[in-house]
Each structure stands twice: as C-alpha cells, then as structure tokens.
Amino acid sequence: MVTPHSPLTPFSTVIRTASHEEHTEAETSSFMSDLLGGRLGVDAYTRYTEQLWFVYRALEDGAEALREDPVAGPFIRPELARVVELERDLAHLRGADWRTGLAPLPATEAYAARVAECARTWPGGYVAHHYTRYLGDLSGGQIIRGRAERAWGFDRKGDGVRFYVFEGISNPAAFKRGYRELLDGIDAVVADELERKRMVDECKFAFALNTAVFRELGDEFPLSA
Ligand code: HEM
C-alpha cells in the first residue's frame, strides 16, 4: 500500500497531504472568514494586501539569485511574479503615494525575513515557501478575488484584485499540473529523504507564518472577537 510517507508517493502529494491541517487552519482563521464573509471594510483588505507586498518582495527579490539553482531554479517563472500587480493594487487602494507610511506587521516582518533567509541559504526551503504561496494563489486565490470584487466593488480582474490575476497563465489547472510535476521531480534532484522531509516541515512553517499574519490582522480588525 502506498502511504503518504512511502517513497513511492509523489512529492506533490506528500507536501499537500502533510500541510492539509495547516491549510484548514489558515483558511478558517477569523480574519479570513470575516474578510471573505464580507464583514470587513476595504481598509482590512488593504492592510492584508500591504502584508502580501512585503512577502512577495522577499519571494521575488530572492528569486533572482536562484534562477540557475538546480532545486529552486525550475520553479521560478516570470508569469508567477506578483510584485508589479501588488503595486498596482496598492496604488488603487492607497493612492499614488502608497509607499508612504507602509509598514509590515511584526508577523509579516518575520515571515518575509524567513523567506529571504531561505532564498539566501537554502533553496529547498525557498521551494517550500514558493509552493505555499503561488500554488495557493492559483487555487483558493481565485475564490478570494471573486469575493473581493463583490464586497468592495472592484472591476472584474481590475485594479485592487490584480494580484489574483495571472495574465500569463491562460490555463491555471494545466499550470498547476506542470508545477506538481516539478515537485514530483524533486526526488531526483534532492535524493536525501531527510532533506525532503525538511522541505515539508518548512511548508508547514510557511502556513504557520501565514496564520500568524492573519492573527495580527485579526487583532487589528477584531470583528469575530
Ligand atoms: C480563505 C482562504 C483560502 C481558500 C478559500 C483556499 C482554498 C483552496 C482550494 C479550494 C484549494 C484547492 C485547489 C485545487 O485542488 O486545485 C487550495 C489549494 C491550496 N491552497 Fe488554499 N485556500 C485559502 C487560503 C490559503 C492560504 C492562506 C494558503 C497559504 C498561504 C493556501 C495555500 C494553498 C496551497 C499551497 C494549495 C495547493 C495545494 C496542492 O494542491 O498542493 N491557501 N486552496
């Protein structure tokens, strides 16, 4: 029988299964529930988008040096890049001087610092963070976009929700299949099973870092309390 820990289980399945509980926790955090339930104002959505900007800056600044890396390099694809889209959204949400006064929450700062550290020192860890964010954006992110458009009146796929729109990916399901194939190929590049387990642990940590950001956002916008 193939169990989630069997070497025969594809790595994409291992990492998805192992982080399932953490995914549910992030998805059902009170901030996310309130936000997606339409119970929070656009100021909460803006504050959340600001946090994403710090995280994606770390992800995408870190990507530069990893392009040729045998483990992380294949995952780095220009059509995934989100910083430009986030900046357009922030200009729409905060105005032309959107950078003025922009500061990360402590949990965001810790999250971005960890991503940057992985990018500098541990390509396998970077892949774990890359997976956690970009595959999520291609999946549940589409639900968030629809809710945000309805709740705060953004144009469909327009300014305010560009972060969720991948112009360069015409078929997200096919793209995700390709991404999972890359994950499955990790076994050949990262032969050490212990190292692959460390990557899975880093993915769980990445979810926990997201949940910590939601917690601090929930403290700032405490509707469910
Ligand atoms: C309310 C918020 C969220 C909703 C509604 C949501 C929903 C979903 C759904 C429906 C899928 C499955 C898509 C598929 O099978 O193709 C998915 C996958 C995923 N989500 Fe979320 N999600 C949310 C939050 C998050 C967060 C905060 C993260 C991490 C930062 C995340 C990371 C992921 C990842 C990595 C996958 C891909 C799993 C895989 O197939 O390997 N999600 N999400």
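Computed from heavy atoms alone, side chains included, the values below leave out hydrogens, waters and symmetry copies. In what follows, residues are counted from 1 in the order of the sequence shown. Counting convention: from 1, in listed order, for ligands and their atoms alike.
Between Phe154 and Tyr45, the ring-plane angle classifies as tilted under the 30° and 60° cut-offs. Aromatic ring pairs are classed by plane angle as parallel below 30°, tilted from 30° to 60° and perpendicular above 60°; the pair Trp53 and Trp98 is perpendicular. In this structure, Phe221 and Phe31 have tilted ring planes: the angle between them lies in the 30° to 60° band.
The closest side-chain donor-acceptor pair between Tyr179 and His130 falls under 3.5 angstrom. Checked by atom type, the side-chain pair Asp137/Tyr164 shows no donor-acceptor distance below 3.5 Å. Side chain to side chain, Asp89 and Thr49 fail the donor-acceptor criterion of an N or O pair below 3.5 Å.
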Worksheet entry | salt bridge (charged side-chain N to carboxylate O under 4.0 Å, His left out) between Glu60 and Arg57, intermediate numbers included | CA-CA 5 Å; Glu60 292 168 21; Arg57 271 241 312 218; over 6 Å; no
Worksheet item: Passes side chain to side chain contact (heavy atoms under 4.5 Å, CB included), Ile186 versus Met199? Steps please.
Response: CA-CA 10 Å; Ile186 280 281; Met199 290 173 66; 4.1 Å; yes
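A salt bridge does not link Lys157 to Glu167: none of the charged side-chain nitrogens sits closer than 4.0 Å to a carboxylate oxygen.
Considering backbone and side-chain atoms together, Tyr131 places an N or O closer than 3.5 Å to an N or O of ligand 1.
Close approach to Asn210 involves these atoms of ligand 1, each under 4.0 Å from a residue heavy atom: 30 (C). Counting the atoms of ligand 1 from 1 in the order shown, those under 4.0 Å from a heavy atom of Met32 are 1 (C), 2 (C). The Phe214 neighbourhood of ligand 1 comprises atoms 27 (C), with distances under 4.0 Å to a heavy atom of that residue.
At a heavy-atom cutoff of 4.0 Å, ligand 1 is contacted by both the backbone and the side chain of Thr132.
Ligand 1 does not have Tyr134 within reach: every non-hydrogen atom of the residue lies 4.0 Å or more from it.
For atom 33 (C) of ligand 1, the closest non-hydrogen atom on the protein side is Gly136 CA, 3.3 Å. Among all non-hydrogen protein atoms, the one lying nearest atom 18 (C) of ligand 1 is Ser139 CB, 3.4 Å. Regarding atom 28 (C) of ligand 1, its nearest protein heavy-atom neighbour is Phe207 CE2, 3.6 Å. Looking from atom 7 (C) of ligand 1 to the surrounding protein, the closest heavy atom is Gly140 CA, 3.3 Å. Given atom 10 (C) of ligand 1, the protein heavy atom at minimum distance is Ile143 CD1, 4.0 Å. Annotation: atom 1 (C) of ligand 1 to nearest protein heavy atom, Leu36 CD1, 3.1 Å.
Between atom CG of residue Leu217 and atom CG of residue Leu35 there is a gap of 8.5 Å, rounded to the nearest 0.5 Å.
Distances from atom 24 (C) of ligand 1 to the heavy atoms of Arg177, Arg133, His23 put His23 nearest. Considering each of Glu27, Arg180, Lys176, Gln142, the one bringing a non-hydrogen atom nearest atom 5 (C) of ligand 1 is Glu27. Taking all heavy atoms of Ala173, Cys203, Ala26 into account, the minimum distance to atom 26 (C) of ligand 1 is reached by Ala26.
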